[in-house]
Amino acid sequence: MTTILAPYHLDERIGDLGVPADRTVVTSLPPGDPWSRMAVQYAAVADQVAEAVRAGERPTVISGDCTTALGTIAGLQRAGLDPAIVWLDAHGDVQTPETTTSGYLGGMPLRLLVGHRRDLIADRLGLRDVPEERVVLVDARELDPPEADYLAGSAIRRTTVEELAGDLLPDGPLYLHVDFDVVDPDELPGLLFPAPGGPPFDAVADAIRRVLATGRVAAFGAACTWHPGQGDPDRVRPLLQTG
């Protein structure tokens, strides 16, 4: 196992997340629109992930938001894998530029991973679409109406943290993604986008361990979506060091 830190929130370098890593991916981002800047950063992440996988390691990619998953999955694909996705998040992350009211790019990565608007970043990374039926969305409880409408008609499967088990997991290698805002905010302070009514930390930790125990997790993405200097990195760190 190797841990890779991408210390960014979207295209902005952020402060210390309090979680140590074996490697840190910092790039000089060009001027321009955020998608172009993120493409440069995520291409570097993809290179690191592909290198780790080819060396027989299971990379854990730590960052300040969920969009880094685009680079992680591109890296798995570069290494010859065809991963399915298990996505733990309080939010759906299936907004689009056309449906978002906030304009927040961090609300779109899962929708982009299944093929929406490849021109934004997927084509720049050489990222192939992940079929909807190979995606499991876990405990997404705070959805905007366009997200709810999309999910109702999509092949993405949904479940809760407590019910996440082997029979719900897609076949083959897995990309396990955890946005720690899936945890109830009463138990994890300092979250950027707290969503009340979530599962306790221990339930999330148990779900993570169940998926890792399959031995099929090719990469683990950890979105530490808390304000720098806040959150609870001491509590999260042991999970990120689970082999």
Side-chain angles (χ1 to χ4, degrees), residues 6-14 25 27 29-46 49 61 63-77 83-158 175 177-182 191-195 221-226:
Y8 290 82
H9 180 261
L10 302 177
D11 62 336
E12 297 297 327
R13 177 80 183 271
I14 57 177
V25 181
T27 54
L29 302 184
D33 68 275
W35 291 117
S36 298
R37 289 165 55 82
M38 287 190 289
V40 172
Q41 169 67 7
Y42 299 159
V45 170
V49 168
V61 180
S63 68
D65 65 76
C66 295
T67 56
T68 308
L70 296 156
T72 304
I73 292 184
L76 292 175
Q77 293 175 345
I85 298 173
V86 181
W87 192 278
L88 282 72
D89 200 314
H91 307 90
D93 287 358
V94 291
Q95 283 285 10
T96 72
E98 297 79 21
T99 62
T100 180
T101 56
S102 68
Y104 179 56
L105 305 187
M108 305 180 192
L110 189 56
R111 190 69 173 271
L112 302 184
L113 285 166
V114 298
H116 186 75
R117 289 290 303 273
R118 293 189 50 85
D119 58 297
L120 293 176
I121 195 166
D123 288 341
R124 309 182 206 213
L125 297 175
L127 174 66
R128 301 190 301 275
D129 300 347
V130 178
E132 289 181 345
E133 60 270 20
R134 289 184 51 76
V135 178
V136 180
L137 178 59
V138 185
D139 232 295
R141 58 191 179 272
E142 193 164 284
L143 303 172
D144 290 338
E147 293 183 295
D149 291 344
Y150 163 71
L151 289 169
S154 81
I156 293 174
R157 286 176 285 174
R158 297 182 62 190
Y175 168 64
H177 177 88
V178 180
D179 183 338
F180 280 101
D181 69 16
V182 73
L191 292 167
L192 292 172
F193 303 106
C224 297
T225 51
W226 53 65

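No experiment lies behind these values; they were computed from the predicted model shown. By convention here, the first residue in the shown sequence is residue 1.
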Checklist entry - Quick one: does E147's side chain have a donor or acceptor within less than 3.5 Å of a partner on V94's backbone? => result yes
Checklist entry - Which heavy-atom pair separates T99 from P146 by the least distance, and what is that distance? => result CB-CB, 3.7 Å
Checklist outcome for this item: dist T225:OG1 -> D179:CG (nearest 0.5 Å) comes out at 3.5 Å
Checklist entry - Would V135 and V114 count as a side chain to side chain contact (heavy atoms under 4.5 Å, CB included) if you check the C-alpha gap in whole Å, the side-chain angles of each, and the deciding distance to 0.1 Å? => result CA-CA 9 Å; V135 178; V114 298; 3.9 Å; yes
Item to check | Nearest heavy atoms of Y104 and L10, plus distance in Å | outcome: CE1-CD1, 3.8 Å
Checklist entry - Nearest 0.5 Å, what's the CG-CE distance between L125 and M38? => result 10.0 Å
Next on the checklist: side chain to side chain contact (heavy atoms under 4.5 Å, CB included) for L88 and D139? Distances and angles first, verdict last.
Outcome noted: CA-CA 6 Å; L88 282 72; D139 232 295; over 6 Å; no
Checklist entry - Looking only at heavy atoms, which two atoms of Q95 and T100 are closest? And how far apart? => result OE1-N, 3.5 Å
Checklist entry - Which value, rounded to the nearest 0.5 Å, describes the distance between Y150 atom OH and I156 atom CD1? => result 4.0 Å
Checklist entry - Shortest non-hydrogen contact from A223 to D65? => result CB-O, 3.6 Å
Checklist entry - Should the pair R118-D129 be classified as a salt bridge under the 4.0 Å nitrogen-to-oxygen rule? => result yes
Item to check | N/O donor-acceptor pair under 3.5 Å between Q41 side chain and T68 backbone | outcome: no
Next on the checklist: A side-chain contact here means heavy atoms from C-beta on lying under 4.5 Å apart; do P83 and I73 qualify?
Outcome noted: yes
Next on the checklist: Testing the basics here: between C66 and D89, what is the closest heavy-atom pair and its distance to 0.1 Å?
Outcome noted: SG-OD2, 3.4 Å
Checklist entry - Are any side-chain N or O atoms of R141 and backbone N or O atoms of V182, one a donor and one an acceptor, separated by less than 3.5 Å? => result yes
Next on the checklist: I'd like to check R124 versus S36 (side-chain heavy atoms, cut-off strictly below 4.5 Å). Are they in contact?
Outcome noted: yes
Checklist entry - Between H91 and D181, do the side chains contain an N or O donor and an N or O acceptor separated by less than 3.5 Å? => result yes
Checklist entry - Any donor and acceptor pair, going by atom type alone, linking the side chain of R37 with main-chain N or O of D33 inside 3.5 Å? => result no
Item to check | Side-chain touch Q77/L127, heavy atoms, less than 4.5 angstrom | outcome: yes
Item to check | Worked check of side chain to side chain contact (heavy atoms under 4.5 Å, CB included) between Y175 and T72 | outcome: CA-CA 9 Å; Y175 168 64; T72 304; 3.6 Å; yes
Item to check | N-O pairing of E98 and R117 below 4.0 Å | outcome: yes
Item to check | Donor + acceptor pair across side chains of T67, Y42 (<3.5 Å) | outcome: yes
Checklist outcome for this item: Between L29 and T27 the two heavy atoms that sit nearest each other are CD2-OG1, 3.1 Å
Item to check | Step-by-step side chain to side chain contact (heavy atoms under 4.5 Å, CB included) determination, D93 to W87 | outcome: CA-CA 10 Å; D93 287 358; W87 192 278; 3.3 Å; yes
Next on the checklist: Quick check for you: to the nearest 0.5 Å, what is the distance between H116 atom NE2 and T96 atom OG1?
Outcome noted: 4.0 Å
Item to check | Distance, nearest 0.5 Å, that separates CD of E142 from CG of D144 | outcome: 8.0 Å
Item to check | Point-to-point distance, once rounded to the nearest 0.5 Å, from OG of S154 to CD of E133 | outcome: 10.0 Å
Checklist entry - Would you say the side chain of L151 lies within less than 4.5 Å of the side chain of R158, judging by non-hydrogen atoms? => result yes
